[in-house]
Number of protein chains: 2
Amino acid sequence: MKRKITLKQIAKELDVSVSTVSKALKDSAEISVDTKEKIKAFAKLYNYKPNNIALSLKNRKTKTIGIIIPEIVHHFFTTVIRGIEHVANEKGYNVIICLSNNSFDKEVLNLEFLANGSTDGFIMSVAKETQQKEDYHHIKEVISQGMPVVMFDRVIDEVICDKVVISDKHGAFEAVQYLIDLQCKKIALISTVDYVSVGKLRTAGYKEALTTNDLEVNEDLILKIEDVDHSQEKIEEFLKGKDIDAVFAVNEQFAVNAIKALTKLGKKVPNDVSVIGFTDGVVSKSFIPSLSTVNQHGEDMGAKAAHLLIERLESETEEQIFQTTVLDTSLIIRDSVKK
Amino acid sequence: MKRKITLKQIAKELDVSVSTVSKALKDSAEISVDTKEKIKAFAKLYNYKPNNIALSLKNRKTKTIGIIIPEIVHHFFTTVIRGIEHVANEKGYNVIICLSNNSFDKEVLNLEFLANGSTDGFIMSVAKETQQKEDYHHIKEVISQGMPVVMFDRVIDEVICDKVVISDKHGAFEAVQYLIDLQCKKIALISTVDYVSVGKLRTAGYKEALTTNDLEVNEDLILKIEDVDHSQEKIEEFLKGKDIDAVFAVNEQFAVNAIKALTKLGKKVPNDVSVIGFTDGVVSKSFIPSLSTVNQHGEDMGAKAAHLLIERLESETEEQIFQTTVLDTSLIIRDSVKK
DNA sequence: TTTCAACACGAAAACGTTATAGTCGGTTTT
DNA sequence: AAAACCGACTATAACGTTTTCGTGTTGAAA
């Protein structure tokens with residue numbers, strides 16, 4: 001088995017110096033045409049490709065960007081990855097993905113790994129556990145060491161870096177406003193616990209929509225779910241006997257579960273109760289009735305994040321001004337709301 | 001902004017040599033306790049962490065494994081990634097993911113990138129376009145250069161390496177057999193075009209189940225879909241007026257679309273027609289009726305692939321015997337088949 | 001006093017590149 | 001014919017590590 005060939009081996013084989021080979025392959029004018037051709041032919045024959053690691057070390061840049069996300073089996077995150085990947089590749093960057101599995105410790109490890117030379121910068125959405133602990137020293141640390149970081153979706157205010165978020169609050173507002181415009185008066189909210197930043201924001205949007213329309217915020221109509229795995233039962237229990245005409249859920253799963261629970265309780269969606277979810281995933285389209293949702297445009301988000309990061313990587317100046325890009329959501333109305 | 005500190009800087013600062021610093025940090029017996037403590041304290045203060053790139057170059061191993069998949073916004077692949085990631089991390093490896101977007105050219109680029117020093121080996125599922133072209137020289141090339149490769153799901157017989165597949169044919173067989181046991185006689189198949197290896201295998205399983213039970217294979221009951229994006233219309237058209245009592249679909253999407261089409265055509269699932277899909281995704285569980293499927297155990301698949309790869313990476317001997325692991329599927333019966 | 005370990009450290013090579021700065025024989029310039 | 005130049009190379013340093021092989025200074029044994 002032939003091992004990957006190096007410049008040194010080519011040089012030895014052709015009895016020239018390493019520098020000559022390097023230059024010849026870069027088509028340098030310093031090398032005679034004859035020699036260049038000879039070297040190129042030989043290199044091609046042995047399928048020479050420069051070693052990335054060596055290049056990275058030499059150039060002190062890896063042309064690689066890291067992604068740290070809490071979970072990969074998750075439609076939204078994969079769309080973001082796709083967006084990142086797309087623009088990264090376009091700009092000649094590769095992508096390395098690390099999963100925190102929503103664990104703080106793993107996030108710290110990932111960060112350390114990515115920051116120790118493996119990448120030029122990274123894009124991350126913080127783990128749930130991290131948001132709960134409110135411990136962001138690891139992120140601040142790498143930033144202070146000069147590693148550019150872009151946060152998306154679950155961002156942290158106290159960490160100073162570029163950020164890309166959607167207008168969670170406004171997206172929720174619009175959804176609830178839509179329900180109100182349909183004459184819904186008793187709108188339930190199914191949200192996550194407050195330390196998840198996006199859950200909190202969406203809850204705020206819900207409340208604002210109500211108060212703006214002079215509707216009372218009734219805490220009895222608000223459910224905050226901690227444990228996603230048992231959401232179905234929680235939601236059933238919550239909806240039982242509630243007199244409502246609409247449900248706004250902060251994610252797709254909760255919305256689907258709500259519809260199932262409602263159906264079980266003998267209520268028809270959308271005739272008796274309208275339902276709007278958040279995040280447009282695969283289920284939303286397929287579900288019957290198809291789900292109305294607030295679309296987060298994950299791919300755009302990833303693309304924007306990648307642009308921000310690469311721009312920072314390639315700008316000469318050490319710009320200390322950071323920006324937070326807020327992307328609009330859009331409301332996709334399907335069959336789960338009455339017309 | 002303090003840049004990442006290096007051994008050299010520490011050495012200079014403490015007025016010792018680089019070797020001393022290196023040894024001290026590794027707690028070498030060669031260095032006096034005093035010096036070691038001094039150096040360690042300093043290193044800790046400046047949060048010294050060795051540079052991965054330099055280590056990779058020196059050790060000629062990156063402790064990184066690559067993954068090349070056709071698509072990331074895809075439940076099955078993400079479960080595989082999760083499985084890979086899990087065992088990789090356990091064994092001290094990191095994971096770098098490249099997407100081919102089902103494009104041959106991009107797959108070639110990914111392969112080149114990963115093979116040029118960035119990873120110690122990789123795990124891949126080939127792009128649709130590659131299977132169509134039947135051009136596998138790029139994969140053979142890297143293998144011949146000594147890069148360990150493990151293929152999963154969409155594997156190529158003529159490429160010699162370790163492989164992990166599920167028993168596609170047998171999984172399909174079991175599903176169809178189940179339908180036959182329910183007294184279904186007119187079972188339609190919704191598959192992909194034949195060059196997609198798994199589609200072909202599942203089709204074979206379908207046919208075998210029929211013939212084993214002395215049922216005739218009726219090509220009129222078989223639909224092969226090329227363009228996934230317009231599958232809904234294709235399926236509707238196909239099912240229109242067909243006299244069938246069951247549908248077996250080779251993926252989740254097709255199964256869901258089939259149910260929708262059937263409903264549209266006035267047939268009840270599961271009372272009039274039973275439906276079984278392939279691949280247990282998010283939609284299967286949520287859908288109403290919930291979908292019976294052949295579960296592919298993606299996470300196990302990823303875990304197995306990672307084990308195979310790492311084992312090869314860490315074995316001294318250049319074992320030339322490759323293995324193909326066949327994982328069992330399991331049939332998950334939910335509401336889309338009559339009881 | 002000489003010899004020899006033991007100790008504590010440093011120098012240098014190596015991993016694979018690229019860029020800068022030589023080198024050397026030959027040709028042009030004046 | 002000496003000075004300058006040019007073409008075609010080579011040597012070397014550098015990126016950040018680790019590791020092997022020194023090496024100079026002790027203190028003790030002979």
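Because the structure is predicted, anything quoted here is derived from the model rather than measured. Reminder, nothing fancy here: chain letters follow the sequence lines and each chain counts from 1.
Each end of the helix from C:dT1-D:dA30 to C:dT30-D:dA1 yields a helix axis from five base pairs, and these two axes differ in direction by 80° (to the nearest 10 degrees).
Atom CD1 of B:Ile31 and atom C1' of C:dA6 are 14 Å apart (whole Å). Counting to the nearest Å, the P atom of C:dG16 and the CD atom of A:Gln9 are 7 Å from each other. Atom-to-atom, CG of B:Leu25 to C1' of C:dC9 comes out at 15 Å; the value is rounded to the nearest Å.
Donor-acceptor pairing under 3.5 Å is recorded for the side chains of B:Ser32 and B:Thr35. Side-chain polar atoms of B:Ser19 and B:Ser22 form no donor-acceptor pair below 3.5 angstrom.
In this structure, A:Ser32 reaches the sugar-phosphate backbone alone: every heavy-atom distance under 4.0 Å involves primed, P, OP1 or OP2 atoms, never a base. B:Ser56 comes within 4.0 angstrom of no nucleic acid atom, judged by non-hydrogen atoms across all strands.
In the displayed structure, B:Lys61 atom NZ is contacted under 6.0 Å by at most 12 heavy atoms of other residues, nucleotides or ligands. Around the NZ atom of A:Lys91, the shell of radius 6.0 Å holds no more than 12 heavy atoms that belong to other residues, nucleotides or ligands.
When the ring pair (Phe, Tyr, Trp, His ring centres under 6.0 Å) test is applied to A:His74, the partners found at least two apart in sequence or on another chain are A:Phe77. In terms of the ring pair (Phe, Tyr, Trp, His ring centres under 6.0 Å) criterion, B:Tyr93 has no residue partners (sequence neighbours excluded).
Under the 30°/60° scheme for interplanar angles, the aromatic rings of A:His137 and A:Phe104 are found to be tilted. Relative ring orientation between A:Phe152 and A:Phe76 is described as tilted, the plane-to-plane angle lying within the 30° to 60° band.
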Assess the residue pair A:Ile156 and A:Gln131 against the criterion (side chain to side chain contact (heavy atoms under 4.5 Å, CB included)); give the C-alpha distance rounded to whole Å, side-chain angles, the decisive distance to 0.1 Å, and a yes or no.
CA-CA 8 Å; A:Ile156 309 299; A:Gln131 284 199 322; 4.0 Å; yes
Scan the side chains in residues 108-117 of chain A for donor-acceptor partners under 3.5 Å anywhere in the protein, sequence neighbours excluded, and list what turns up.
from: A:Glu112; atom 1: OE2; to: B:Lys49; atom 2: NZ; distance (Å): 3.4
from: A:Asn116; atom 1: OD1; to: B:Lys4; atom 2: NZ; distance (Å): 2.8
from: A:Asn116; atom 1: ND2; to: A:Glu112; atom 2: O; distance (Å): 2.9

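Using a 4.0 Å cutoff to heavy atoms of chain B, the contacted part of DNA chain D runs 5' to 3' from D:dC15 to D:dC21.
Between B:Lys128 atom NZ and B:Asn101 atom CG the span is 12.5 Å, to the nearest 0.5 Å.
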Per-nucleotide protein contact string for nucleotides 17-27 of chain C (B base, S sugar-phosphate only, - none; heavy atom under 4.0 Å):
BBBBB------
